[in-house]
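All chains are named by letter (A, B, ...) in the order of the sequence lines, taking the proteins before the strands, and each is independently numbered beginning at 1.
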2 protein chains.
Amino acid sequence: MAQPIRLRQVSPLKASCHQCSLSNLCLPLAIEENELDRLEDIVQQGRIFNRGEHIFDQSTPFRSCFAVKSGAIKTSIISENGEEQVTGFFMPGELVGLDSMGSKNYACTAKALERTSVCEFPIDKLEELTGKLPDLQHHMYHLMSQEIQGSHQLAMLLSKNTAEERIAALLLSLSSRFQRRRMSGTNFSLPMARNDIANFLGLAVETVSRVFTRFQNQGIISARGREVELLDVEALQTVTREFARQNA
Amino acid sequence: MAQPIRLRQVSPLKASCHQCSLSNLCLPLAIEENELDRLEDIVQQGRIFNRGEHIFDQSTPFRSCFAVKSGAIKTSIISENGEEQVTGFFMPGELVGLDSMGSKNYACTAKALERTSVCEFPIDKLEELTGKLPDLQHHMYHLMSQEIQGSHQLAMLLSKNTAEERIAALLLSLSSRFQRRRMSGTNFSLPMARNDIANFLGLAVETVSRVFTRFQNQGIISARGREVELLDVEALQTVTREFARQNA
DNA sequence: CGCGAATTTGAAGCCCGTCAACAGCTGTGG
DNA sequence: CCACAGCTGTTGACGGGCTTCAAATTCGCG
């Protein structure tokens, strides 16, 4: 038994970024084969978190970024007064912790919404490696700027759009992220509670609930609990652009 | 005349990051002396833009990041429908363009709010340099993560706070940024129009105007046009925390 | 099966956006 | 030098979308 275990500690772990079905979404994206090996040298794979467990906590020392392999994670910041703001939902293939890069402590708390497995990238080794691999550094810049852009989009959604538009946008965002993983873009299960949706979109829980039933009555979606089916994607896209048309 | 000019092309330009009063805010922060020289090799200094001129435009090829030397810049994104969202205001010592890092095109448009001078960092050279200088790379990561965090704070402000709280927060933010430059934190001139404030904070212009007069009637501030004096900073800080107290 | 949490539904109130009109400031041209 | 236009900022009135409060109902898990 000893030998097989030893082998597993080296070979399968090293090979797994190559084999990972998410390698086209995660960090290895656009990296040369031989460079991928060096990334695998620093990654700690296969950590598992149960629903509700914290991957890391705000204001604790920043040690690592995490790539979601399966499951889902929500990040949130707690202001001095204890008010929570959900800042993002992270699906498989997405990188958590970029908002803490270059800082001493984590800027937010990351919590598993369901049973979730992640790959861990120790930040000191990651920074060292990005210094050696220009493509990887470029990709890190890209991912971080994407996060900034996404946050700006969210700010736009929050400041200019109605409840219906915000929820339609979230459903479409989730849909495209499921599709990217070759899963159904019209029939999926929401990883987060209504409460999290409301907090993320800056709405009251009751409003979220009402919009869901309204969409259902209009035949745009079909929802029972967290199970959602998008019946009329075009109608949803119309809703998100509705506001624009009126103010054109 | 020829010789002095030649000398100026080398010596004063190279020395200017050292001499710049903003060097403790901008990129050179926390960089070794000899490394600062290499940063100066790639920077193009002293470009001037008049009020209203664009530093760069959304969807045009991303070439450079810009550090504000004097004046002020606003960045905004235009959605497909033509709706504008102001994403940030940039004061001297702050770096513009981080949301486009690693992308092919600029993610937003940057516009001078007043006569503004900037230092330009060509992105290809900057990326190359950050690959060689770990401290500089670390600082870039830090600046970008700060931008993500700031954007999350904005989202929180937009989704949970009243008009008064948002405007109080903006005034306090501007105040501390003026103070950082050794300028008065209680008596300053707003670089942006009411319209920009409203757009940035997700409010109607009329609401911004009303809150300004309300603050004035309460003796918290004194404002005439863009000239603002903070008469009671503590009261402003209380306003921003008011919401929290009620929901504690 | 039973309890607490999550979700849904209803009713009432309020903050803020919209519409409208006015005032203030700036620059231009007669 | 003043008049006018255009833009920016201010003030008032009104309506609507969302929050809040309250309670019923369902869901989830031991």
Spacing between F215(A) atom CZ and dT8(C) atom P, to the nearest angstrom:
14 Å
Send over the distance from E227(A) CD to dG28(D) C1', rounded to a whole Å.
14 Å
Write down the distance between CZ (R210(B)) and C1' (dC16(C)), rounded to a whole number of angstrom.
8 Å
Return whichever of A163(B) or G225(A) has its heavy-atom-nearest nucleotide of DNA chain C closer to the 5' end.
G225(A)
Under 3.5 Å, is there a donor-acceptor pair between the S64(B) and E120(B) side chains?
yes
Value in whole Å for how far the P atom of dA6(C) lies from CZ of R224(A)
20 Å
Polar side-chain contact E206(B)-dC19(C) base: donor and acceptor under 3.5 Å
yes
Out of dT8(C), dT9(C), dT10(D), which nucleotide sits closest to the side chain of R194(A)?
dT8(C)
Any side-chain donor-acceptor pair under 3.5 Å between R177(B) and S173(B)?
yes
Which residue lies toward the 5' end of DNA chain D, R226(A) or N195(B), if each is placed at its nearest nucleotide?
N195(B)
Using the side-chain heavy atoms of T213(B), tell me which of these nucleotides is nearest: dT19(D), dT7(C), dT10(D).
dT10(D)
Could you state the atom-to-atom distance from CZ of F212(A) to C1' of dT26(D) in whole Å?
16 Å
note: N217(B), atom CG; dT11(D), atom P; distance rounded to Å ~ 8 Å
Taking only the side-chain heavy atoms of A204(A) (C-beta and beyond), determine which of dG17(C), dT20(D), dT10(D) contains the nearest atom.
dT20(D)
Less than 4.0 Å between a side-chain N and a carboxylate O, is that true for E114(B) and R51(B)?
no
Separation of atom CZ in R214(B) from atom P in dG12(D), rounded to whole Å:
12 Å
Checking salt bridge (charged side-chain N to carboxylate O under 4.0 Å, His left out) for the pair R115(B)/E53(B): CA distance, chi angles, key distance, verdict?
CA-CA 9 Å; R115(B) 192 172 171 79; E53(B) 284 183 351; over 6 Å; no
Step by step, work out the side-chain hydrogen bond (donor to acceptor under 3.5 Å, both in side chains) result for S76(B) and T109(B).
CA-CA 5 Å; S76(B) 57; T109(B) 296; 5.4 Å; no
Could you state the atom-to-atom distance from CG of L190(B) to C1' of dG9(D) in whole Å?
13 Å
Between T207(A) and dT19(D), does any side-chain N or O lie under 4.0 Å from OP1 or OP2?
yes
